[in-house]
Number of protein chains: 2
Amino acid sequence: MGKHAECCDEQCIHQELVSKVLTDLPDEDTLYDLAELFKVFGDSTRVRILFALFESELCVCDLSEALAMTQSAISHQLQLLRTNKLVKSRREGKQVYYSLADEHVVTIIAQGLNHILE
Amino acid sequence: MGKHAECCDEQCIHQELVSKVLTDLPDEDTLYDLAELFKVFGDSTRVRILFALFESELCVCDLSEALAMTQSAISHQLQLLRTNKLVKSRREGKQVYYSLADEHVVTIIAQGLNHILE
DNA sequence: TTTACATATGAGCATTTGTTCATTTGTTTG
DNA sequence: CAAACAAATGAACAAATGCTCATATGTAAA
């Protein structure tokens, strides 16, 4: 005990509280996955892509045009969004259409907006 | 038009959709702030700190002990959390107690959990 | 006022991240 | 089949990030 908290004399540590925190903390995997999920929302390019998809499904080219970014940049970000199950894709001929994977995406972004708009 | 979408021949672009997306996209500042907010949640150390504060307010030393990290590392992250108004602090003697700034924090994390737990 | 303790902070460094560029893959049309 | 187009992908590189270490600041007790 006190292994990492050599910063202070342990007399300032509230042991009961710390113990409770330790038992109630989600497991490492959950914490990691949760952080990874939010990391995906933590980039304005990806947020803009998601907002764009609020309207309707769009192909890579549409997104590229709407966000004024290269096809490659958009495509890379779409892969990341897809890996994290925030968007899904559907191929139709030469084009691939992307859309939101589920309603969680909308809810999470709405909560975020709530916070920054105070 | 088509400035950045040299990837494709514009014949694949759905102009009406793209136009609608452009008018409905939030302004740059909002998008940036939103991404910045989620970026804060996008790190497992910070997520762990927030989870710990679900229990009760804790001093830096408690957090350092609970998360098994140095006081400096915790302190740096707390500053970031404070700057983004996710936690607030209260000094009591030599110690500084941190707690969640508001309920949005809980709601946002809950939504994130919902998503990863499918 | 000196000493000790709790926290904050700046600089440095290794790692991660987002974009670009070049190329490849998949699909349709001639 | 070859040619053209839409999208995906790997490598490279600059920028951002999170931690460590050393030190500074703020507070209380001796």
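None of these values were measured; they are calculated from a predicted model. FYI, side chains are in, hydrogens and waters are out, and symmetry mates aren't considered; it's all heavy atoms of this structure. In what follows, chains carry the letters A, B, and so on, assigned in the order in which the sequence lines appear, proteins first and then strands, with residues in each chain numbered from 1.
- Closest to the side chain of A/Ser75, from the set C/dA8, D/dG18, D/dA8, is D/dA8.
- When the side-chain nitrogen and oxygen atoms of B/Gln77 are compared with OP1 and OP2 of D/dC19, one or more of them lie within a distance under 4.0 Å.
- The CG atom of B/Asp43 lies 11.5 Å from the CG atom of A/Leu34; values are rounded to the nearest 0.5 Å.
- Rounding to whole angstrom units, CG of residue A/Leu63 and C1' of D/dA8 are separated by 15 Å.
- One interatomic measurement links the two molecules: CG of A/Leu78 to C1' of D/dT9, which rounds to 13 Å at whole-angstrom precision.
- A salt bridge between A/Glu57 and A/Lys88 is absent, with no side-chain N of the basic residue lying under 4.0 Å from a carboxylate O of the acidic one.
- For A/His115 and B/Phe41, the distance between ring centers is not under 6.0 angstrom.
- Within a heavy-atom distance below 4.0 Å of DNA chain D, the residues of residues 29-43 of chain B found are B/Lys39, B/Asp43.
- Grouping the Ile, Leu, Val, Met, Phe, Trp and Tyr side chains by contacts below 4.5 angstrom, directly or via other members, places A/Tyr32 apart from B/Ile49.
- For the pair A/Ile49 CD1 and D/dA7 C1', the computed distance is 14 Å after rounding to whole Å.
- The side-chain contact (heavy atoms from CB on, under 4.5 Å) search around B/Thr30 returns A/Leu113, A/Ile116, B/Pro26, B/Asp27, not counting sequence neighbours.
- Place B/Asp62 and A/Thr45 on DNA chain C by their nearest nucleotides, and B/Asp62 ends up nearer the 5' end.
- Contact annotation: A/Tyr98 side-chain N/O to D/dA6 OP1/OP2 distance is not under 4.0 Å.
- With sequence neighbours left out, the salt bridge (charged side-chain N to carboxylate O under 4.0 Å, His left out) criterion links B/Glu103 to no other residue.
- Distance, A/Arg82 CZ to D/dA8 P: 7 Å, rounded to whole Å.
- Linking ILVMFWY residues whenever their side-chain heavy atoms come closer than 4.5 Å, directly or via other members, places B/Leu80 and B/Leu78 in the same cluster.
- Here C/dT19 presents its C1' atom at 14 Å from CG of A/Leu67, a figure rounded to the nearest Å.
- Within the structure, every side-chain polar atom (N or O) of B/Gln95 is placed at least 4.0 Å from both OP1 and OP2 of C/dC5.
- Within the nucleic acid shown, B/Tyr97 has no heavy atom closer than 4.0 Å to any nucleic acid atom.
- If you take CZ of A/Arg46 and C1' of C/dT19, they are 12 Å apart, rounded to a whole angstrom.
- The distance between atom CE of B/Met69 and atom P of D/dG18, rounded to the nearest whole Å, is 10 Å.
- Residues passing the ring-ring contact (aromatic ring centres under 6.0 Å, His included) test with B/Tyr98: none are found, sequence neighbours excluded.
- Rounded to whole angstrom, the span from the CD atom of B/Gln79 across to the P atom of C/dT7 amounts to 12 Å.
- For B/Arg82, there are no salt bridge (charged side-chain N to carboxylate O under 4.0 Å, His left out) partners two or more places apart in sequence or in a different chain.
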Summarise how protein sits on nucleotides 21-27 of chain C as a single string, 5' to 3': B when a protein heavy atom is under 4.0 Å from the base, S for sugar-phosphate-only contact, - for no contact.
-> BB---BB

